[in-house]
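These notes concern the structure reproduced below.
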Protein chains: 2
Amino acid sequence: MAKTHKAIHTPGLEGALDRLEHLCRARGQRLTRQRRAVLSSLLSAGRALSAYELLERLRPEDGKSTPASVYRSLDFLMTLGVVHRLESTRSFIACEHPETPHWVQFLICRRCGQVVEAEDERIAAATESLGQRLGFALDQRVVELTGVCEGCRGSAARH
Amino acid sequence: MAKTHKAIHTPGLEGALDRLEHLCRARGQRLTRQRRAVLSSLLSAGRALSAYELLERLRPEDGKSTPASVYRSLDFLMTLGVVHRLESTRSFIACEHPETPHWVQFLICRRCGQVVEAEDERIAAATESLGQRLGFALDQRVVELTGVCEGCRGSAARH
DNA sequence: GAGTATTTGATACAAAGTATCATTAACCAG
DNA sequence: CTGGTTAATGATACTTTGTATCAAATACTC
Ligand SMILES: [Zn+2]
Ligand SMILES: [Zn+2]
Ligand SMILES: [Zn+2]
Ligand SMILES: [Zn+2]
């Protein structure tokens, strides 16, 4: 009944959890067990998960998680910027470079589900300038580019 | 019991329905009453509607519409390019310039719900080039920029 | 270690989207 | 203007995704 963390070796997991702790402290917000579990689950998944997939991964460790509580934790982690939501797949993914606040773009492979988080300055500049030109004060930018990744195209001779 | 169309005067409605007819004919696809009704309902709404809002607007004229059939019509109209789906608000909107196939961006006002459909070349070029750089063959680009429109900022002195 | 405000658990529900299969209707040919 | 054919719809039931409410638990401060 050792209750030590499972020694999953996800690169950067420890660092990410430390960062989470600091972020919470800096903002005077509480770091709860579930918030930690949600982030760490997303990190070790290594891919985007729906809220309910996430819930299932939490269950073994924490049988009393509910959809509402998972969504609450996800919302919290998103305001901290350490988790992003993919609108076009209704799923959530851990941020790949949460050091800085950022406007990012996602590239999503429709075959293997791989998601790459990019931070392209041309896109950032172009969207910002479009917003200004049309008189919008933007506060959220969803840029999700779906297609087929290189690997999948390679292994797609037929079909 | 006159079953003539209601004489709603939405600018461009007739033109849009004609275009729909031609598109269907050109592709050898069927133009059904419901498909016409869905497009015309979206057009006269003049804003984005959720599938269920749309369903309610269809009901008075066509009491036997169901969610499934509405979604089917929407999917059809989207493949034709005359309707777009807004991922970030889970809603649908008639295309504002369906003449040409296009990659568009949406600006969405979070206060009044206004949606502007833009076709910005810098964004198109930048996203395409990002895709190439990362090895993705893109087939879908979701660019949805949310903020507050000029009008709403004006009338927002307080709050 | 106790106090307090925040978070969570439990429950129930709302909203969004899909599967299946028998029936209907759009289109075409004649 | 018939039918005949095939794609689309209707009916039904269900899955997935997301929220509201309020009492109980817990993270943080002192
Ligand atoms: Zn990020
Ligand atoms: Zn792939
Ligand atoms: Zn359009
Ligand atoms: Zn507005």
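We name chains A, B, ... by the order of the sequence lines, and we start the count at 1 in each one. Reckoned from all heavy atoms, side chains included, excluding hydrogens, waters and symmetry mates.
Defining each end axis of the helix from C:dG1-D:dC30 to C:dG30-D:dC1 as the rotation carrying four pairs' C1' atoms onto the next four, with five pairs an end, the two axes are found to diverge by 50° to 10 degrees.
In terms of phosphate contacts, B:Ser69 brings a side-chain nitrogen or oxygen within less than 4.0 Å of OP1 or OP2 of D:dG10. Side-chain nitrogen and oxygen atoms of A:Ser73 include none within less than 4.0 Å of the OP1 or OP2 phosphate oxygen of C:dT7. Between B:Arg90 and the phosphate of C:dG17, there is no side-chain N or O to OP1/OP2 separation shorter than 4.0 Å. For C:dG17, the OP1/OP2 oxygens have a side-chain nitrogen or oxygen of B:Arg85 closer than 4.0 Å.
With distances taken from any side-chain atom of B:Ala68 to the nucleotides D:dG18, C:dT18, D:dA20, the minimum falls on C:dT18. Closest to the side chain of A:Pro67, from the set C:dT8, D:dT19, C:dA10, is D:dT19. Side-chain proximity of B:Lys64 to the nucleotides D:dA11, C:dT7, D:dG18 is greatest for D:dA11.
Base contact: A:Arg72 has a heavy atom under 4.0 Å from a base atom.
Whole-Å rounding puts the B:Asp62 CG to D:dT9 P distance at 10 Å. Distance A:Leu86 CG to D:dT17 P: 13 Å, rounded to the nearest Å. In this structure, B:Gln34 atom CD and C:dT24 atom P are separated by 16 Å, rounded to whole Å.
Atom CD of B:Gln114 sits about 13.0 Å away from atom CZ of B:Phe106, to the nearest 0.5 Å.
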Q. What string of B, S and - do you get for nucleotides 25-30 of chain D, 5' to 3', when a contact is any protein heavy atom under 4.0 Å?
A. -BBS--
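Under the 4.5 Å side-chain heavy-atom criterion for Ile, Leu, Val, Met, Phe, Trp and Tyr, B:Ile123 and A:Leu107 are members of the same hydrophobic cluster.
Annotation: of the two residues near DNA chain D, A:Tyr52 and B:Gly63, the 5′-most nearest-nucleotide partner is B:Gly63.
A donor atom on one side chain and an acceptor atom on the other are found under 3.5 Å apart for B:Ser69 and B:Gln34. In the model, A:Ser88 has no side-chain atom that pairs as donor or acceptor with a side-chain atom of B:Glu87 under 3.5 Å.
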